[in-house]
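Input: a single structure, listed below in structure tokens.
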Protein chains: 2
Amino acid sequence: MLISEFARATDLPIDTIRFYITKGLLKPERSAKGGSNPYQVFKQEDVTAARMIRLQQTLGYSLGEILALNEEYRAGEHSSERTVEVLQVQIARLEEKKAALDAALSFLRGKVDWIRAGKPDDAPRIQDYHC
Amino acid sequence: MLISEFARATDLPIDTIRFYITKGLLKPERSAKGGSNPYQVFKQEDVTAARMIRLQQTLGYSLGEILALNEEYRAGEHSSERTVEVLQVQIARLEEKKAALDAALSFLRGKVDWIRAGKPDDAPRIQDYHC
DNA sequence: TATAGGTATGGGGTATAGTCCACGGTCAAG
DNA sequence: CTTGACCGTGGACTATACCCCATACCTATA
């Protein structure tokens with residue numbers, strides 16, 4: 001798969017793909033073609049990687065953090081013990097984010113209930129969410 | 001409350017507070033003191049606002065989006081009908097984020113289970129999460 | 001009234017995450 | 001063998017969210 005097809009498969013702009021390559025987030029192989037600047041060849045595996053990057057981004061990770069996570073993951077790939085450890089650290093981080101999100105949701109829902117009931121005294125206070 | 005005390009109360013750097021003011025996210029009043037550059041005076045209400053900004057940031061909103069959300073909120077403050085509407089839009093957005101987060105969590109948990117069970121065929125596929 | 005310390009403004013610099021463009025090389029169809 | 005579409009590289013540029021500094025002014029305390 002060449003870069004334009006990869007762009008269609010991942011729904012990413014070509015420039016963004018090249019940017020991710022310079023950052024080390026994607027490491028396509030080089031084909032024999034292309035002369036002094038060999039063409040980059042992408043596998044289905046790279047499509048999965050790109051999708052994972054996007055998912056991690058929506059969860060609030062920076063590209064630097066994503067790179068670190070993925071390298072950490074690859075480093076432990078030989079040992080299933082280590083892989084599980086890495087995954088569980090990631091799960092723990094996501095659960096923290098989920099807790100913050102739940103706090104915000106219950107804050108907003110409480111506010112709706114309070115308005116509908118017309119009870120200002122039960123108003124939820126943002127102060128209670130130390131984030 | 002002057003800016004240094006406000007900085008302590010919100011645990012924000014003074015420069016960040018001034019930055020938020022230039023962006024319109026905080027609108028402190030001006031005291032009579034300070035001569036040609038009157039001092040900015042913060043209320044408890046502003047502490048709440050700052051905390052809300054930080055909460056919204058952890059949920060992935062940009063300062064521009066936060067400004068829009070807050071102005072939308074203030075615009076409907078006179079009508080409880082409208083306030084509830086605005087709140088429910090925000091709740092819906094957060095629920096989307098929560099769904100993405102839950103998808104990621106079940107993906108990672110599925111992967112852990114799969115490794116522990118040693119069943120590569122049941123491996124969860126990132127392809128299933130179109131984000 | 002001298003002075004230490006707090007304040008406002010403006011401008012410059014940084015990191016992140018792209019986005020755009022011009023260049024020159026390459027490939028494949030006709 | 002020409003032509004149009006594609007490829008890689010390098011550099012310039014943008015927007016966001018700060019961070020830091022110099023300057024000048026103001027206040028409270030001794």
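Here is how names work: the chains are called A, B, and so on, in the same order as the sequence lines, proteins then strands, and each is numbered from 1.
- With C:dG25, C:dA8, D:dC25 as the candidates, the nucleotide lying closest to the side chain of B:S36 is D:dC25.
- Atom pair B:L63:CG and D:dT16:C1' shows a separation of 8 Å (rounding to whole Å applied).
- Looking at A:E85 and A:R82, a side-chain N of the basic residue comes within less than 4.0 Å of a carboxylate O on the acidic one, giving a salt bridge.
- Remark: B:Q40 is in phosphate contact with C:dA8, judged by side-chain N or O atoms under 4.0 Å from OP1 or OP2.
- Classification of A:K98 and B:D102 as a salt-bridged pair holds, one side-chain N sitting under 4.0 Å from a carboxylate O.
- Counting any heavy atom pair closer than 4.0 Å across all strands shown, B:Y20 reaches sugar-phosphate atoms only and no base atom.
- Residue B:S4 has a polar side-chain atom (N or O) positioned under 4.0 Å from OP1 or OP2 of C:dT7.
- Relative to the ring axis of A:F42, A:K27 does not place its NZ or CZ within 45° and under 6.0 Å from the centre.
- Atom-to-atom, CZ of A:R18 to P of D:dT9 comes out at 8 Å; the value is rounded to the nearest Å.
- As a whole-Å value, the separation of A:L12 CG from C:dA17 P is 14 Å.
- For C:dA28, the OP1/OP2 oxygens have a side-chain nitrogen or oxygen of A:K33 closer than 4.0 Å.
- With rounding to whole Å, B:L2 atom CG is found 12 Å from D:dC26 atom C1'.
- Atom CD of B:E95 has more than 12 heavy atoms from other residues, nucleotides or ligands within 6.0 Å.
- D:dC7 atom P lies 9 Å from atom CZ of A:F42, rounded to whole Å.
- As a whole-Å value, the separation of B:Y61 OH from D:dA17 C1' is 19 Å.
- In this entry the distance linking CD1 of B:I21 with P of C:dT7 reads 11 Å, nearest Å.
- Note that A:K97 lies in the cation-pi zone of A:Y61, set by a 6.0 Å cut-off to the ring centre and a 45° limit from the axis.
- At the heavy-atom level, A:Q57 lies under 4.0 Å from the strands shown only through sugar-phosphate atoms.
- Atom CG in B:N37 sits about 4 Å away from atom C1' in C:dA8, given to the nearest Å.
- Phosphate contact (OP1/OP2 of C:dA15, side-chain N/O of A:S62, threshold under 4.0 Å): absent.
- Projected onto DNA chain D by closest heavy-atom contact, B:K23 and A:I3 fall at different nucleotides, the more 5' of which corresponds to A:I3.
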